[in-house]
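Since the model is a prediction, treat every value here as computed from it, not as a measurement. In listed order, ligands and their atoms are each counted from 1.
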Amino acid sequence: MKRTMQNTHHGVRVRFPPSPTGAMHLGNIRTAIFNHLFAQRHGGALIVRIEDTDAARSKKEYEEDILASLAWLNIPYDELHRQSARAARHQECLERMIQEGHAYLAEENQEGTGRVVRFKNPKKTVTFHDLIRGAISFETAELGDFVIARAPDRPLYHLAVVVDDADMAITHIIRGEDHISNTPRQILLQEALGVATPQYAHLPLVLAQDKTKLSKRSGALSIAALRDRGYLPDAVINYLALLGWHPEDDREIFSREELVAAFDLSRVQTGAATFDPKKLRWVNKQHLARLSDEAYAAHLRAYLDAHPLPVPLEGRAFAALLPLLRERVEVCEDMAAMAEEGEFDFLREDFSLPEAAAEALVFPKKRDEKDAREETARHLEEAARLLDALPEEAFTAEGVKNALWPYAEQEGRGEVLWPVRYALSGRDRSFDPFSMAAALGKEETLARLRRAAACAAPA
Ligand code: GLU
């Protein structure tokens, strides 16, 4: 055993060993991220081990969710193992422990059905140096001769994890603090097996906003949900890295490379971290702001293709509205909310002005004046005339603005631009008229302005 478990690898080797018994939540993935950053920082390897030995609770779909989450977050790993494939190896180690007197078969007291395997506890003080918490000591006597296998061929978690970590030459075990109490048992097993004890680092808990523990049932906090809502993977990594860790300065926005360079286990806190969805949004917005125009457009496009809006946002409309979206969208899902508010309804092919448009087209401050509707019709006709002179290729938000601006300055900005905006959107609140004109294109814009002029003109 000693020979086969010898550490033939060099350098840092960490592992992420999720149990595929539920959707990945932010706490699980935060553990993966810390292991990833630590491995990258030290030029080491990340081993993913699917701990699927609980056949009743493990599901293939959860395993797929784990791997899809890692892929989406762009967390590369060097090896992928399935614990269930290693059953023979676990059993071999268990048998050897029995032979060497470190474990023994015992009657299961309760039902007297079958026999379990108990570890022969040497009952000592186990002390380990946690890289985050410092020295931690446990009296193992109180653990008694704990069960390490439900049956001679069914080893339990502690044994499987210790054998796998040793065989995979894991140097650092970075995991949630809910595993601290498992560590003394696992160290006792390592000593009995004669394998090295890795370094431990137990991460603080991640709590939901109501301070409850995150669980596999908190669906909204799953990685799949964030992906579906259109978060950027690097923003999610950035935000989750800050849950329990902070850099030397107060910096909060990091690219992947910057995180790898700054990450350090000694700066991980011991107190629980609380997930703050507002902060995650803010971090996403900062990452969106860092994207080039091309990357930004591609990111939004990918979301829209996967979640088509009731009114399609594509082609020239998408291009024309991009600068506005850049200002307003913090997370792609905001576009769905804007669509719900009707902000894109002006793009509908069956667009028509509302019933009360004749009055609504008039700039509100002017509605009491006698010739208000006549004036409004005149402004709309003039706007149509000015834009008709604009060549198609100049029909951009900027081109439209330049064509209308001097006239609007001369006649009053509100007096001219309100009716133009209303003519294009049929709404009191909407995007600016120049962007909407560019989004609609010349022909449609002129048609709407002329229809609105006719509508405003008194009979
Ligand atoms: N499969 C265990 C879990 O998901 C792994 C624990 C460990 O890191 O040792 O909690």
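By the 4.5 Å heavy-atom criterion applied to side chains, Val283 and His287 are counted as neighbours.
For the side chain to side chain contact (heavy atoms under 4.5 Å, CB included) test with Arg175, the passing option among Leu203, Thr183, Val14, Asn35 is Thr183; the others fail.
In this structure, Arg251 forms a cation-pi arrangement with Phe254, its terminal cationic atom sitting closer than 6.0 Å to the ring centre and no more than 45° off the ring axis.
Using a 4.0 Å cut-off to heavy atoms of Val161, the atoms of ligand 1 that qualify are 9 (O).
Looking at Gly176, Pro17, Ala160, Pro20, it is Pro17 that brings a heavy atom closest to atom 5 (C) of ligand 1. The option with the heavy atom closest to atom 8 (O) of ligand 1, from among Glu51, Arg15, His179, is Arg15.
The shortest heavy-atom distance from Phe16 to ligand 1 is not under 4.0 Å.
Here the closest non-hydrogen pair linking Pro20 and Glu51 is CD-O, 3.3 Å.
Between Glu92 and Arg96 a salt bridge is recorded (basic side-chain N to carboxylate O distance below 4.0 Å).
For the pair Gln186 and ligand 1, the shortest N or O to N or O distance does not fall below 3.5 Å.
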